[in-house]
Every structure is written in C-alpha cells, then in structure tokens.
Engineer: 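Let me begin by handing over the structure; questions about it come next.
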Amino acid sequence: MELERVQQIASLSKCMDTIPTDYIRSENEQPAVTTFHGAVLEVPVIDLSDPDEGKIVGLISEASREWGIFQVVSHGIPDEVVRKLQQVGKEFFELPLQEKELVAKIPGSQNIEGYGTRLQKEVEGKKGWVDHLFHIIWPPSAINYRFWPKNLPSYRETSEDYAKRLRGVADKMFEYLSKGLGLEPSEMKDGMGGEDLIYMMKINYYPPCPRPDLALGVVAHTDMSGLTILVPNEVPGLQVFKDDYWYDVKYIPNALIVHIGDQIQILSNGKYKSVFHRTTVNKEMTRMSWPVFLEPPPEQEIGPIPKLVNEENPPKFKTKKFKDYAYCKLNKLPQ
C-alpha cells in the first residue's frame with residue numbers, strides 16, 4: 001500500500017504555499033511558463049444530432065487528422081446519467097482512506113485496475129498531482145468487481161448504466177472514423193477487436209494544489225487506447241499541445257471529449273493522430289474527470305489496416321499485440 005495519496009498531501013498542504021519537491025515539474029513543463037495565455041483553444045465541437053451524416057463524418061475525420069481531439073454534443077446520453085456517474089465518483093473519493101484502500105491496486109501486479117496514485121514509470125522521479133480509480137466497465141466477461149467500491153450502493157448500477165449507453169456513442173465514433181478513411185463502417189472497430197473491445201474507466205481526482213503554477217495533474221502524453229471518451233467536471237484543466245504551445249481546452253457543459261489514441265493512429269497508418277495532452281490543477285477547486293479508454297483485448301494484434309497501405313503509403317508502424325504495446329508504453333520502452 002502506498003503511504004501517501006495526493007488527497008492526503010493536499011489536506012496537509014492546505015495552509016502552506018508549498019508542495020513537496022517530488023511534485024514540482026522541471027521549468028520546461030511548469031504550467032505557468034508553458035501555457036499560452038490569451039486564448040482558449042477552440043477544439044472542434046460536433047453536433048451528433050445533425051441529420052447530414054456526411055457532414056458529421058467530414059467534421060470528425062478532419063478533427064481527427066488535424067487535432068486528434070474533438071467534443072461531441074447531442075450524443076444521446078441523458079444528462080442525468082452523466083450527473084449520477086459524477087456523483088458516485090465524487091462519493092468514492094470522499095470516503096475515508098481505509099475504505100478506498102479496500103479496492104487498491106495489487107502491489108507488484110501488472111494490472112492497472114484499482115485505486116492508486118502512480119500509474120507508470122515517472123520521468124525524473126516526478127509525480128502527478130492526482131489519485132485515481134481504474135476498472136473495466138465492459139464487456140461483462142472482463143469485469144473484476146474486486147476493484148469496484150462495495151460500500152456505495154448505487155455505484156455499480158450507475159456505472160453499468162453509463163457503460164451501456166456509452167457503447168452506442170463509441171460504435172458511432174468507430175463507424176464515422178472508418179467512413180472518414182473510405183473504409184467499410186465496421187472496419188475500425190473490427191481492427192480494435194470488435195465485440196471483445198475493452199472499456200476501461202478511470203476516475204481522476206485532482207485535489208486543490210497550493211502551487212498550480214509548478215505542478216501537473218497528469219504529465220504530457222498520448223493515450224495508448226484506441227479512443228478515449230471523457231466526461232469532465234466544470235473545473236478546467238485539460239490542455240492540448242498544438243503549434244508549439246499548450247492551450248486550455250474550453251469546458252462545454254454536457255459535452256463528451258473524444259481523444260484519438262495510439263491504436264487508432266496505428267490502424268489509420270498515421271492519418272488520424274493521437275492527441276498530445278496534459279492536465280493542470282487548480283488552487284481552490286477539485287478537478288475530476290471520467291475518461292473511458294476503449295482498448296483492444298490484450299492478445300489483439302494491431303497494425304495499419306491493409307487497405308490503407310500501398311507503395312506510396314508504406315506501413316508507418318509495427319504490428320504487435322496490444323499487451324506488448326502497453327508494456328512498452330508504461331515502462332517508457334521504445335516501440
């Protein structure tokens with residue numbers, strides 16, 4: 001069991017103007033120095049209720065090529081379902097520490113599921129100002145309820161309801177991404193493992209930080225998933241790297257934020273790009289987010305879709321099992 005969760009450190013740091021040195025980023029990463037001030041990046045916002053499907057396909061394809069990120073509105077998941085998801089997540093992090101530790105990650109395990117603080121090998125030993133809870137929410141055969149909070153009666157029902165509704169949105173995203181490359185509607189999802197696709201939810205908890213100018217919640221990275229579909233709370237913090245600057249992403253109530261991840265970049269042979277992003281923290285308020293990572297099953301081999309490869313467009317990526325890709329990514333090894 002890790003001795004210090006960020007939530008504990010934040011409670012102790014409340015009255016101070018300082019944070020432990022482990023959390024102070026090097027100057028080239030510090031938000032105060034590296035954030036572009038004066039503009040909020042207008043990440044494309046796409047209305048999924050538009051009757052012109054061709055237009056939606058075009059907008060999603062363009063956003064995925066140019067940005068690697070977009071927001072969707074009128075996505076069909078009721079506001080109340082999202083509100084309940086946020087409520088039970090908040091309730092989990094308000095539990096006493098010993099209750100949260102009941103679903104902690106298993107020390108030494110390669111499995112990332114469970115309550116924890118550290119996710120991957122940390123560069124220069126620096127830590128992110130965040131605690132998290134990871135667990136699979138779909139398919140049922142892959143779920144391990146050992147990592148689901150037991151003492152929040154509505155947690156399971158709420159998470160399962162959200163998972164069921166999110167699948168419809170995800171299927172549409174894969175379909176639009178396929179069509180945007182001139183593929184059959186099912187090809188992108190099939191390349192990701194079809195009905196065996198794994199939905200891994202992570203609840204990020206970023207407590208107030210006395211020095212948000214020096215710390216990061218999550219360090220700059222691309223997601224190793226295929227797609228990430230994220231619910232934020234109203235506290236801004238997501239930043240995207242574009243044209244050599246870090247920009248804040250505008251919060252839009254009831255929108256879902258969609259990230260292109262590494263596996264879609266590979267399947268598309270680089271036509272769609274995996275978004276480089278990070279998270280900042282807030283001095284006064286707790287930020288939370290609920291990303292769901294759509295991942296291939298561990299044994300699924302991922303490489304460029306053959307139809308997208310020819311003499312003019314040779315494969316830009318190796319084909320490898322997802323579990324091997326994930327191991328390299330988490331341990332900062334070359335792919």
Engineer: Please walk me through it: do Asp262 and Tyr325 pass side chain to side chain donor-acceptor pair (under 3.5 Å)?
Structural biologist: CA-CA 10 Å; Asp262 296 348; Tyr325 185 94; 2.7 Å; yes
Engineer: Starting at CD of Glu91, measure out to OG1 of Thr158 and round the result to the nearest 0.5 Å.
Structural biologist: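 Glu91 atom CD to Thr158 atom OG1 measures 8.5 Å (nearest 0.5 Å).
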Engineer: Do Pro212 and Lys283 have side-chain heavy atoms sitting under 4.5 Å apart?
Structural biologist: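 SC-SC contact between Pro212 and Lys283 confirmed.
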Engineer: Indicate if Val258 and Tyr251 have the same hydrophobic cluster label, given that clusters are the connected sets of ILVMFWY residues with side-chain heavy-atom separations under 4.5 angstrom.
Structural biologist: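 Shared cluster, no.
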Engineer: Between Ile229 and Pro291, is there a side-chain heavy-atom distance shorter than 4.5 Å?
Structural biologist: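 No. Closest side-chain heavy atoms not under 4.5 Å.
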Engineer: Judged by atom type as modelled, is there a donor-acceptor pair below 3.5 Å linking the side chain of Tyr199 to the main-chain atoms of Phe293?
Structural biologist: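 Side chain of Tyr199 to backbone of Phe293, a donor-acceptor pair under 3.5 Å: no, none is there.
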Engineer: If you round to the nearest 0.5 Å, how far is OG of Ser186 from NZ of Lys179?
Structural biologist: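 OG of Ser186 is found 10.5 Å from NZ of Lys179.
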Engineer: If two hydrophobic side chains count as joined below 4.5 Å and joins carry through other members, does Val218 share a cluster with Val240?
Structural biologist: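 In one cluster: no.
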Engineer: So, applying side chain to side chain donor-acceptor pair (under 3.5 Å) with Asp223, which one of Gln265, His277, Lys329 is it?
Structural biologist: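 That would be His277; it is the only one of Gln265, His277, Lys329 passing the side chain to side chain donor-acceptor pair (under 3.5 Å) with Asp223.
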Engineer: Got a second to check how far Met192's CE is from Glu295's CD, nearest 0.5 Å?
Structural biologist: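 Spacing of CE (Met192) from CD (Glu295) equals 8.0 Å.
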Engineer: Is the side chain of His75 donor-acceptor paired with the backbone N or O of Asn254 at a distance under 3.5 Å, no angle test?
Structural biologist: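 Between the backbone of Asn254 and the side chain of His75 there is a qualifying donor-acceptor contact (under 3.5 Å).
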Engineer: Counting N and O atoms only, with roles assigned by atom type, does the side chain of Asn204 sit under 3.5 Å from a partner on the main chain of Met288, one being a donor and the other an acceptor?
Structural biologist: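 Judged by distance alone, no pair lies under 3.5 Å.
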Engineer: Is the shortest side-chain heavy-atom distance between Gln86 and Asn233 below 4.5 Å?
Structural biologist: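 When only atoms from C-beta onward are counted, Asn233 and Gln86 do touch, with a gap below 4.5 Å.
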Engineer: Look at atom CD of Gln98 and say whether more than 12 heavy atoms of other residues, nucleotides or ligands are closer to it than 6.0 Å.
Structural biologist: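 Yes, the 6.0 Å shell around CD holds more than 12 heavy atoms from other groups.
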Engineer: Is it true that a side-chain atom of Gln7 and a backbone atom of Tyr206 form a donor plus acceptor pair closer than 3.5 Å?
Structural biologist: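 No, Gln7 side chain to Tyr206 backbone: no donor-acceptor pair under 3.5 Å.
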Engineer: Ring of Tyr162, cation from Arg167 - is the NZ or CZ under 6.0 Å from the centre and inside 45° of the axis?
Structural biologist: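 Judged by the rule, Arg167 and Tyr162 form no cation-pi pair.
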Engineer: Are any non-hydrogen side-chain atoms of Lys172 and Leu48 less than 4.5 angstrom apart?
Structural biologist: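 No. Closest side-chain heavy atoms not under 4.5 Å.
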Engineer: Charged N to carboxylate O below 4.0 Å: is that the case for Lys321 and Glu299?
Structural biologist: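 Between Glu299 and Lys321 there is a salt bridge, with a charged N closer than 4.0 Å to a carboxylate O.
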Engineer: Which is it for Tyr272 and Leu181 under the side chain to side chain contact (heavy atoms under 4.5 Å, CB included) test, yes or no, and what are the steps along the way?
Structural biologist: CA-CA 9 Å; Tyr272 294 146; Leu181 294 173; 3.4 Å; yes
Engineer: With a 6.0 Å cut-off (strictly less than), is the heavy-atom count around CD of Glu27, excluding the residue itself, greater than 12?
Structural biologist: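 Atom CD in Glu27 is not crowded, with 12 or fewer foreign heavy atoms closer than 6.0 Å.
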Engineer: Compare all side-chain heavy atoms of Pro31 with those of Leu216 and state whether any distance is below 4.5 angstrom.
Structural biologist: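 Yes, at least one pair of side-chain atoms sits under 4.5 Å.
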Engineer: Are Val130 and Phe93 joined in one hydrophobic group, where the rule is that I, L, V, M, F, W and Y side chains link up if heavy atoms are under 4.5 Å apart?
Structural biologist: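 No, Val130 does not connect to Phe93 through the hydrophobic network.
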Engineer: Flag the pair Val82 / Leu85 as yes when at least one side-chain heavy-atom distance between them is below 4.5 Å, and no otherwise.
Structural biologist: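 Side chain of Val82 against side chain of Leu85, heavy atoms only: no contact under 4.5 Å found.
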Engineer: Let's go through Trp148 and Glu160 carefully: what are the C-alpha distance in whole Å and the side-chain angles of both, what is the deciding distance for side chain to side chain contact (heavy atoms under 4.5 Å, CB included) to 0.1 Å, and is it a yes or a no?
Structural biologist: CA-CA 11 Å; Trp148 292 48; Glu160 288 178 343; 4.0 Å; yes
Engineer: When you measure from the side chain of Arg156 to the backbone N and O of Pro149, does any donor-acceptor pair fall under 3.5 Å?
Structural biologist: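 Pair absent, no side-chain N/O of Arg156 close to backbone of Pro149.
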Engineer: What is the distance from atom CD1 of Ile143 to atom CD1 of Ile137, rounded to the nearest 0.5 Å?
Structural biologist: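 One finds 8.0 Å between CD1 of Ile143 and CD1 of Ile137.
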Engineer: Taking the six-membered ring for Trp and the single ring otherwise, decide whether the centroids of Tyr247 and His37 are under 6.0 Å apart.
Structural biologist: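 Not under 6.0 Å, so no.
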Engineer: Is Glu29 paired with Lys126 through a side-chain N to carboxylate O contact shorter than 4.0 Å?
Structural biologist: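 Answer for the salt bridge query: no.
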Engineer: Do Lys189 and Asp171 sit within salt-bridge range, that is, some charged N less than 4.0 Å from a carboxylate O?
Structural biologist: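 Salt bridge: yes.
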Engineer: Indicate, with yes or no, if the rings of Trp246 and Phe276 have centres closer together than 6.0 Å.
Structural biologist: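 Centroid distance Trp246-Phe276: below 6.0 Å, so yes.
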Engineer: Scan side-chain atoms only and decide if Thr35 and Gln239 contain a donor-acceptor pair under the 3.5 Å cut-off.
Structural biologist: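 There is such a pair between these side chains.
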Engineer: Does Met188 offer a backbone N or O that forms a donor-acceptor pair with the side chain of Ser178 under 3.5 Å?
Structural biologist: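 Side chain of Ser178 to backbone of Met188, a donor-acceptor pair under 3.5 Å: yes, one is there.
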Engineer: Would Arg278 pass as a cation-pi partner of Phe241, given that its NZ or CZ must be under 6.0 Å from the six-membered ring centre and within 45 degrees of the axis?
Structural biologist: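 No, a cation-pi geometry is absent between Arg278 and Phe241.
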Engineer: If you count the non-hydrogen atoms of other residues, nucleotides and ligands that lie under 6.0 Å from CD in Glu94, is the total more than 12?
Structural biologist: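 Yes, CD of Glu94 has more than 12 neighbouring heavy atoms, counting only those of other groups under 6.0 Å.
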Engineer: Identify whether Trp138 and Phe147 are in the same connected component of the hydrophobic contact network (ILVMFWY, side-chain heavy atoms under 4.5 Å).
Structural biologist: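 The answer is no; the residues belong to distinct hydrophobic clusters.
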Engineer: Say you draw a straight line from CG of Leu166 to CD1 of Ile77; how long is it, rounded to the nearest 0.5 Å?
Structural biologist: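 Reported to 0.5 Å precision, the distance equals 5.0 Å.
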Engineer: Between Ser225 and Gly261, is there a donor-acceptor pair closer than 3.5 Å when you use the side chain of the first and the backbone of the second?
Structural biologist: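 Side chain of Ser225 to backbone of Gly261, a donor-acceptor pair under 3.5 Å: no, none is there.
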Engineer: Under 3.5 Å, sequence neighbours excluded: what are the donor-acceptor pairs made by side chains of residues 54-64?
Structural biologist:
from, atom 1, to, atom 2, distance (Å)
Lys55, NZ, Asp50, OD2, 3.1
Ser61, OG, Arg65, NE, 3.0
Ser64, OG, Ile60, O, 2.7

Engineer: Has Lys273 got its NZ or CZ under 6.0 Å from the middle of the six-membered ring of Trp67, at an angle within 45 degrees of the ring axis?
Structural biologist: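 No, cation not above the ring by the 6.0 Å, 45° rule.
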Engineer: Please test Arg83 against Asp79 for salt bridge (Lys or Arg N to Asp or Glu O under 4.0 Å), starting from the C-alpha separation and ending with a verdict.
Structural biologist: CA-CA 6 Å; Arg83 190 196 63 74; Asp79 296 351; over 6 Å; no
Engineer: Is there side-chain contact between Pro139 and Ile198, with heavy atoms separated by less than 4.5 Å?
Structural biologist: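 Pro139 reaches Ile198 side chain to side chain.
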Engineer: How about Lys318: does its NZ atom have over 12 heavy atoms from other parts shown lying under 6.0 Å from it?
Structural biologist: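 Not more than 12 within 6.0 Å, no.
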Engineer: Do Arg5 and Glu101 sit within salt-bridge range, that is, some charged N less than 4.0 Å from a carboxylate O?
Structural biologist: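 Yes, charged N to carboxylate O under 4.0 Å.
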Engineer: Apply side chain to side chain contact (heavy atoms under 4.5 Å, CB included) to Glu184 and Glu175, showing your working.
Structural biologist: CA-CA 8 Å; Glu184 294 299 316; Glu175 193 178 309; over 6 Å; no
Engineer: Report yes or no: does Asp248 contribute a side-chain atom to a donor-acceptor pair with the main-chain N or O of Leu238 at less than 3.5 Å?
Structural biologist: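 Side chain of Asp248 to backbone of Leu238: no pair is present.
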Engineer: Under 3.5 Å, is there a donor-acceptor pair between the Ser109 and Asn111 side chains?
Structural biologist: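 Distance-only check fails for Ser109 and Asn111.
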Engineer: Just wondering, do Lys320 and Cys328 contact through their side chains at under 4.5 Å, heavy atoms?
Structural biologist: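 Yes, at least one pair of side-chain atoms sits under 4.5 Å.
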Engineer: Under 4.5 Å between side-chain heavy atoms, hopping through other hydrophobics if needed: is there a path connecting Val6 to Val235?
Structural biologist: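 Different hydrophobic clusters.
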Engineer: Distance from Arg146 atom CZ to Leu102 atom CG, nearest 0.5 Å?
Structural biologist: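 It is 8.5 Å, given to the nearest 0.5 Å.
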Engineer: For atom NZ of Lys316, is the number of surrounding heavy atoms from other residues, nucleotides or ligands below 6.0 Å larger than 12?
Structural biologist: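 It does: Lys316 NZ has more than 12 such atoms within range.
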Engineer: Would the distance check show the side chain of Asn331 and the main-chain N or O of Tyr327 forming a donor-acceptor pair, the cut-off being under 3.5 Å?
Structural biologist: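 Between the backbone of Tyr327 and the side chain of Asn331 there is a qualifying donor-acceptor contact (under 3.5 Å).
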Engineer: Using a 6.0 Å cut-off, check whether atom OH of Tyr245 has over 12 heavy atoms from anything other than its own residue.
Structural biologist: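 Check fails, neighbour count at 12 or below.
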Engineer: Name the residue from Tyr115, Tyr145, Phe134 that meets the side chain to side chain contact (heavy atoms under 4.5 Å, CB included) definition with Val103.
Structural biologist: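 Running side chain to side chain contact (heavy atoms under 4.5 Å, CB included) over Tyr115, Tyr145, Phe134 with Val103 returns exactly one hit, Tyr115.
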Engineer: Looking at Lys250, is its backbone amide N or carbonyl O close enough to the side chain of Gln71 to form a donor-acceptor pair, meaning the two atoms are under 3.5 Å apart?
Structural biologist: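 At least one qualifying donor-acceptor pair exists.
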Engineer: Using side chain to side chain contact (heavy atoms under 4.5 Å, CB included), reason through Thr279 and Arg287 one step at a time and then give a plain yes or no.
Structural biologist: CA-CA 10 Å; Thr279 308; Arg287 180 171 188 269; 3.2 Å; yes
